[in-house]
Structures are given as C-alpha cells and as structure tokens.
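This report refers to the structure that appears directly beneath it.
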Amino acid sequence: MSTIKKIKSIVKRALYKVTKEDSPMQIALNEGYYNPYEGMKLLKDIKVTLIDKDYEVINQEPFSLITPVKNEADDIILYLNSIENQKLLPDEVIIVDGGSNDGTPSIIRDFAMNSKVKFKVIEINSKSISEQRNLAIKEAQNELIVMADAGNILDENYTKNMVGTLMEFPDAELVGSIFYAVDEKFADHFIYGWDGFGDWQNYLPAGKTMAVRRSIFLSMGGFPEFLSFTGEDALFDIFYRNISTRWVFNKAAFVYWDIPRTWEDCLKKFYSYGVGAGENHMGDSGYYVRQVKMRQGIYAPDSIPITDQMYSGYLFGREKRAEIEFNVRNVNNLIVIFSKNQLHVDSAAWQKVKEYIQNNNKVIFISHLRQFPAEKHVDFDFTLLELYDFRSGFSIEDLLRRYGRFVSKMKIEILGDNEVFESTANVIRNWREHK
C-alpha cells in the first residue's frame with residue numbers, strides 16, 4: 001500500500017471513530033443537522049481527587065461560613081441550629097440578606113443573641129444570589145471560606161470535613177461536598193447516586209456545597225452577577241477552574257437539601273434551571289439540534305415533562321441575552337462573523353474571536369464546513385459567544401428578533417470569499433440601514 005493510501009486509511013478510520021453510526025454527531029448528520037459546538041470543551045483539565053475522610057477536630061485554621069438568604073423565615077431556624085451543632089464551629093458566620101420581606105434578618109439576629117457563634121447580618125436590596133455570596137466573601141475576615149445555603153441542614157461534620165480537606169490539600173483551590181435530600185419523594189430528580197457516581201473530573205459543585213480560598217476567589221472576580229437567579233454556581237465553577245490546578249471532593253462532608261416536595265414545584269425548579277442555562281449559554285450545545293428542529297416545525301415534545309420544562313426555560317433565558325449583554329454587562333458591540341471553517345479549527349479566527357470577547361464584545365460565529373475538530377478548551381468567556389452551522393441552525397429572523405433593538409451596535413465580518421455569506425450579510429445590512 002502506498003504512503004498516500006495508508007494516510008487516507010488512517011484518516012478514514014479516525015473519522016469513523018468520531019462519527020460512528022450510533023454517535024449523537026452521526027445521528028444528527030444523518031438527519032441533516034450538525035452541531036458546531038462539537039469539540040468545544042468548557043472545563044480545563046486539572047487534577048481532581050476524591051476522598052471519603054472524616055477529620056479530627058484539632059489544629060484547624062480559622063474559617064468563615066457564608067450564606068445568602070431571602071425570605072427564609074419558615075425554616076431558617078433549622079438551618080441556624082445545624083450551624084450551632086457543628087463539631088467544628090466557624091469563627092464567623094456572614095449572612096447576606098437580599099431583601100426579605102418576611103422578617104428573616106430579625107429572626108437571625110434574635111438567634112445570634114444567644115448563640116455561641118459570631119453572626120454578622122448584612123442587608124442589601126438584590127435580585128442576584130451571586131451578589132450576596134460575593135459580598136459575604138469580601139466581608140469575611142478569614143482565608144478559608146465554607147459556603148452553605150439556607151434551606152439546607154448541615155451534617156454535624158460538614159464544616160470539619162470541608163476545612164480538614166482544605167488543610168490536608170494546601171494546593172487545592174476548591175473543596176466540594178455532596179448533598180442528600182431532606183424529603184426522598186422526588187430525590188431521583190435532584191440527587192446523584194453518589195455510591196455509583198464516577199465522573200468527578202467533570203462534576204461542578206453547587207454553591208451550597210463548596211469551600212474556597214478567599215484570596216484566589218477574589219482574584220478571579222467571584223460569582224457572575226449578571227444572571228437572573230440560577231446557573232451562577234456552574235458558571236463560577238468553570239471560570240474558577242481556569243485558574244485552578246487541583247480540586248478535592250470529600251464525600252464525608254455533606255448537607256441535606258430541602259428539595260421541592262410537589263410535582264408542580266419540581267417543574268418550576270427545572271424551568272428555572274433552564275432559564276439559567278439559556279442566560280449563561282451552557283445549554284447551547286445540548287439544545288442546538290432541538291432548536292433547529294423546532295424552527296423547522298418538526299420538534300416533538302419530550303416524553304419527560306421535566307426535560308421540556310428545562311428546554312422551555314432555556315428558550316426564555318436565551319431570549320433575555322441581548323438585554324443582559326447590552327444593559328447589564330454593557331458589551332460594546334455585537335460582532336457577526338461568517339466563516340468557511342468552524343471556529344475551533346481556524347487558529348486565526350479563534351484568536352480574533354478571543355480578542356473581541358476580551359474587549360467586551362458579543363460574537364456570533366456562523367460556519368459553513370461541517371468539520372470534526374479535535375477537542376479544544378475554550379480559554380475565554382464563552383458566555384459572549386454563540387456558534388451556528390450556516391446550513392442548519394442559523395436564522396436571520398432569530399438574530400434580528402433577539403438583537404434588532406441593538407442593531408446600531410451590530411458589525412458584520414466575512415472570513416474568506418463566499419457569495420452566499422455575502423448575500424446573507426447584505427440582508428442584515430439592509431435591514432440595519434432601514435431601521
């Protein structure tokens with residue numbers, strides 16, 4: 001066999017592995033769809049360690065426990081008691097109330113008067129749980145920060161095992177714990193089967209179950225404050241991971257989470273998760289083909305109501321992006337780029353997009369070729385990027401409906417010669433000129 005034929009054979013076998021018949025990518029291609037997010041990796045590879053260790057209460061460093069609250073009057077005492085019952089008490093508890101109208105701050109202050117723990121209650125008018133968490137950590141007096149949320153009950157060993165892990169692994173920027181359900185009725189929808197769970201490398205800990213080092217946390221800006229309600233902790237995890245070298249998860253540290261207790265509340269909760277995934281772009285890859293089918297009128301509702309609730313929430317969150325980007329995040333421009341190649345196979349385009357985003361611009365990148373790139377880590381703020389396959393997925397109507405109000409800040413670029421791209425770009429330009 002000639003050298004050329006050998007190379008072709010190797011390439012063919014490699015391509016088959018990527019697009020084997022039962023893979024999601026090949027199924028989509030067989031149906032005429034292509035997901036341009038394939039190969040885009042959001043999580044940086046770092047060392048991840050799993051332990052299940054109960055620590056002794058000796059020689060522990062001082063630490064702060066921080067908690068955001070809002071309208072928690074009904075069950076805040078249960079949470080406060082679980083703090084009081086910790087085998088390792090925090091040196092301070094900082095609680096930031098986001099604007100309760102049910103007397104939550106007064107209940108906490110009354111509890112603190114007779115507590116053996118030092119409480120500090122801060123009241124602000126905020127719609128963002130991220131703002132509350134960030135403020136609490138800024139106000140903290142200690143380097144070691146343990147996070148927990150009202151609505152949870154802390155196991156008596158929670159803080160001890162979180163702080164113990166931070167001390168045993170001084171190179172760990174984050175320690176994560178696990179959670180169980182207070183009420184088991186709908187636990188299968190919210191709680192992992194921890195005994196059989198194995199994907200710790202890709203696990204994103206919730207804000208209510210993590211510990212960090214204050215100086216590192218502050219150096220990367222903390223939790224993103226532009227989201228409405230949910231999705232902030234997953235987004236924080238991804239950004240914090242970019243400056244991390246090691247995370248440790250300790251299964252001996254856990255809390256009990258008061259998950260929704262009615263089916264209606266379950267659906268509301270998953271809808272809110274979907275909104276977060278739409279606002280923070282984390283649902284773009286998973287919902288890409290579904291969106292294309294919906295625009296074509298061939299999308300069938302999922303047989304699982306929770307899945308459809310999340311998707312409905314995602315669509316709502318996606319519609320809010322322009323408002324968030326221009327009025328909350330104050331982005332400078334919307335850059336619409338048409339390109340022959342996918343973003344992550346074109347190093348020049350990658351660098352161009354990275355620079356645009358680093359200069360606080362939103363980028364919508366539309367590619368023509370359906371390529372199978374090697375996996376590539378996104379080393380910039382992916383929440384200011386949208387990707388589309390020109391032949392299945394990109395819609396001028398969708399673009400103008402969502403961003404038409406900000407058309408004066410829209411700029412168009414075409415990478416390479418392509419008559420179809422040029423005619424499409426002219427449609428957008430003409431619409432912009434007549435607005």
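One is the number of the first residue; the rest follow in order along the sequence. Keep in mind the model is a prediction, meaning the values are calculated, not measured.
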Min side-chain heavy-atom separation [X]-[Y] under 4.5 Å:
| X | Y | result |
| --- | --- | --- |
| Lys362 | Lys409 | no |
| Ser244 | Lys44 | no |
| Met162 | Met147 | no |
| Asn242 | His377 | yes |

Sequence neighbours excluded, the answer for side chain to side chain donor-acceptor pair (under 3.5 Å) partners of Thr383 is Arg329, Asp381

With sequence neighbours left out, what residues match Ser100 under side chain to side chain donor-acceptor pair (under 3.5 Å)?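 In terms of side chain to side chain donor-acceptor pair (under 3.5 Å), with neighbours along the sequence ignored, Ser100 is linked to Asp97.
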
Any side-chain to backbone donor/acceptor pair from [X] onto [Y]? Under 3.5 Å, distance only.
| X | Y | value |
| --- | --- | --- |
| Arg391 | His368 | yes |
| Tyr388 | Ile364 | no |
| Glu131 | Ser126 | no |
| Asn332 | Asn361 | no |
| Glu84 | Lys116 | yes |
| Asn157 | Lys160 | no |
| Gln132 | Val69 | yes |

Under-4.0 Å salt bridge between [X] and [Y]:
| X | Y | result |
| --- | --- | --- |
| Asp149 | Arg133 | yes |
| Lys87 | Asp54 | no |
| Arg295 | Glu397 | no |
| Asp258 | Arg261 | yes |

What pair of heavy atoms forms the shortest contact from [X] to [Y], and how long is it?
| X | Y | answer |
| --- | --- | --- |
| Ser82 | Gln86 | O-NE2, 2.9 Å |
| Ile145 | Asn142 | CD1-O, 3.5 Å |
| Phe254 | Lys251 | CD2-O, 3.8 Å |

Can you say whether the rings of [X] and [Y] are parallel (under 30°), tilted (30 to 60°) or perpendicular (over 60°)?
| X | Y | value |
| --- | --- | --- |
| Tyr203 | Trp200 | perpendicular |
| His189 | Phe270 | perpendicular |
| Phe239 | Phe382 | tilted |
| Tyr311 | Tyr287 | tilted |
| Phe338 | Phe390 | perpendicular |

Residues forming a side chain to side chain contact (heavy atoms under 4.5 Å, CB included) with [X], sequence neighbours excluded:
| X | answer |
| --- | --- |
| Asn101 | Asn71 |
| Thr262 | Glu264, Asp265 |
| Asn114 | none |
| Ser347 | none |

Sequence-distant partners of [X], ring pair (Phe, Tyr, Trp, His ring centres under 6.0 Å), two or more places apart:
| X | answer |
| --- | --- |
| Tyr55 | none |
| Tyr288 | none |
| Phe217 | Phe223, Phe236 |
| Phe63 | none |

Residues 175-188 side chain polar contacts: donor-acceptor under 3.5 Å, at least two apart:
unit_1: Ser177; atom_1: OG; unit_2: Thr209; atom_2: O; d: 3.4
unit_1: Asp183; atom_1: OD1; unit_2: Lys185; atom_2: N; d: 2.9

Just do the salt bridge (Lys or Arg N to Asp or Glu O under 4.0 Å) check on Arg109 and Glu123 with the steps written out, would you? CA-CA 12 Å; Arg109 289 190 175 100; Glu123 296 184 61; 2.8 Å; yes

Qualifying residues under salt bridge (charged side-chain N to carboxylate O under 4.0 Å, His left out), relative to Arg402, sequence neighbours excluded: Glu386, Asp398

